[in-house]
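Just below is one structure, and these are the notes that go with it.
Please read all numbers here as calculations on a predicted model, not as lab measurements. By convention in this document, chain letters (A, B, ...) are assigned in the order of the sequence lines, proteins followed by strands, and residues within each chain are numbered from 1. Note that these values count all heavy atoms, side chains included, but never hydrogens, waters or copies made by symmetry.
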Amino acid sequence: MSLKIATWNVNSVRSRITHLLDWLREDAPDIVLLQELKCTNDVFPYMEIEELGYNIAVHGQKTYNGVAILSKYPLDEVITGLPGDENDLEARYIEAVVSSPAAVLRVASVYVPNGSSPDSDKFQYKLAFLERLYSHIKGLLELKEILVVGGDYNVAPEAIDVYAPKELDGSICFHPLERQALHKILHLGIYDAFRVANPHSQNFSWWDYRANSYDSGKGMRIDHLLLSAQAIDIMQNCSVVSKLRELEKPSDHAPVICEIK
DNA sequence: ATGGTTGAACCTCAA
């Protein structure tokens, strides 16, 4: 008995619904963490996804952001919004407990702010968000559960995770301050599933729509599945589902998927 | 390449 858990920034769930349904049928992930729904809860395409056997928890927002959890097993204890700032109303975090026959686990879907440019206010919001995520994950890890915090972190952890590390050093998604903030989260003792499963592979999860980036291999690995010790120790594999970036009208992100025993 | 593309909603913003 194993569980497939994936994260995917869909860049509008309504624009990507055909790709999403085809992929759910083909790869049959048990749990999917979605980001950038770009819609409110009332227009989320519940019916088509439920027909494939998924339970759904959505934290939507008009136009921007929006996160969801799809699960073949029941979802309980749903939390929406990242704790730590009651003035932050952006829909960038949802968490739930999944009860599968094999195990009970806690999962979260997170959409870290892009940050725009390192000299902008949005970058300060990104750093503050990562600090709040640090505090929240610190608390979750004390529960000593099987925990998966997956999403679009908008940060590439290491040089191998970007196409041109020297050229990109200091630019958005690869600035020392945001990398430090992500490393601080990892140093709590939560593990980057892709890097644990593939210590030396260069596989990106996002490619800019512009300048033919996908075909020229200019991407970054900014989508991550972070697993607690209880989860990483039973992980079997982790990979990027690049084929979804090759379809007509793709998301600019490809899913990342792992399997736990 | 101070460009380039995409999506949502409005003709601009965020990514």
Side-chain angles (χ1 to χ4, degrees), chain A residues 7-23 33-46 48 58-68 81-82 87-93 109-130 133 150-157 161-175 177-179 181-182 204-224 240 242-256:
Chain A
T7 180
W8 190 23
N9 178 323
V10 288
N11 188 17
S12 167
V13 70
R14 289 179 294 173
S15 287
R16 224 61 63 201
I17 187 64
T18 305
H19 290 357
L20 176 61
L21 295 173
D22 287 349
W23 174 57
L33 311 167
L34 298 176
Q35 302 87 37
E36 272 210 273
L37 307 177
K38 291 188 170 180
C39 69
T40 47
N41 288 30
D42 57 310
V43 292
F44 183 91
Y46 284 97
E48 299 104 302
V58 180
H59 182 35
Q61 182 182 330
K62 188 179 177 183
T63 312
Y64 306 118
N65 310 320
V67 286
L82 182 65
N87 296 316
D88 181 6
L89 300 177
E90 298 197 13
R92 296 179 174 276
Y93 186 86
S109 176
V110 60
Y111 178 40
V112 175
N114 170 278
S116 188
S117 145
D119 58 7
S120 68
D121 291 345
K122 291 194 178 75
F123 188 69
Q124 295 308 312
Y125 171 54
K126 181 180 196 175
L127 293 178
F129 186 95
L130 285 165
L133 189 59
D152 176 1
Y153 284 76
N154 266 314
V155 182
D161 298 315
V162 300
Y163 66 91
K166 284 180 184 165
E167 184 183 324
L168 292 168
D169 185 22
S171 62
I172 202 66
C173 300
F174 198 58
H175 188 283
L177 289 176
E178 51 190 321
R179 292 177 59 204
L182 177 57
F204 304 137
S205 64
W206 170 85
W207 299 260
D208 200 307
Y209 283 125
R210 296 168 289 191
N212 201 25
S213 298
Y214 184 77
D215 288 330
S216 22
K218 292 185 175 177
M220 297 187 182
R221 192 174 69 87
I222 58 176
D223 300 271
H224 308 299
V240 179
S242 304
K243 65 184 177 187
L244 292 208
R245 187 63 176 77
E246 296 169 5
L247 301 173
E248 286 294 307
K249 287 272 171 193
S251 168
D252 45 352
H253 296 253
V256 181

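In this structure, A:Asp119 atom CG and B:dT2 atom P are separated by 17 Å, rounded to whole Å. A straight line from CH2 of A:Trp206 to C1' of B:dT5 spans 11 Å, rounded to a whole angstrom.
Evaluation of the salt bridge (Lys or Arg N to Asp or Glu O under 4.0 Å) rule for A:Arg245 yields no partner, not counting sequence neighbours. Remark: A:Asn11 pairs with A:Lys38, A:Tyr209 by the side chain to side chain donor-acceptor pair (under 3.5 Å) rule, at least two apart or across chains. Partners of A:Trp206 under the side chain to side chain donor-acceptor pair (under 3.5 Å) rule, at least two apart in sequence or in another chain, are A:Asp252. For A:Lys243, the salt bridge (Lys or Arg N to Asp or Glu O under 4.0 Å) partners two or more places apart in sequence, or in a different chain, are A:Glu26, A:Asp27. Residues satisfying the salt bridge (Lys or Arg N to Asp or Glu O under 4.0 Å) test with A:Asp161, not counting sequence neighbours, are A:Arg195, A:Arg221. For A:Asp169, there are no salt bridge (Lys or Arg N to Asp or Glu O under 4.0 Å) partners at least two apart in sequence or on another chain.
Only the C1' atoms considered, B:dG7 is 14 Å distant from B:dC11, to the nearest whole Å. Taking the C1' atoms as reference points, B:dC10 lies 16 Å from B:dT6, given to the whole Å. Distance check on atom C1': B:dA9 versus B:dA14 gives 12 Å, rounded to whole Å. Comparing the same atom, C1', in B:dG3 and in B:dA15 gives a spacing of 16 Å after rounding to whole Å.
With pairs defined as Watson-Crick or G-U wobble and both atom distances under 3.5 Å, the stems of at least three pairs that touch DNA chain B come out as B:5-8 with B:12-15.
Sorted by first and then second residue, the salt bridge (charged side-chain N to carboxylate O under 4.0 Å, His left out) pairs involving residues 117-126 of chain A (not counting sequence neighbours) are A:Lys126-A:Glu178.
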Checklist line | Protein-to-nucleotide contact annotation, 5' to 3' order, nucleotides 6-15 of chain B [B base; S sugar-phosphate only; - none; under 4.0 Å, heavy atom] | finding: SBSS---BSB
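Using modelled atom types, no side-chain atom of A:Asn65 and backbone atom of A:Arg92 make a donor-acceptor pair closer than 3.5 Å.
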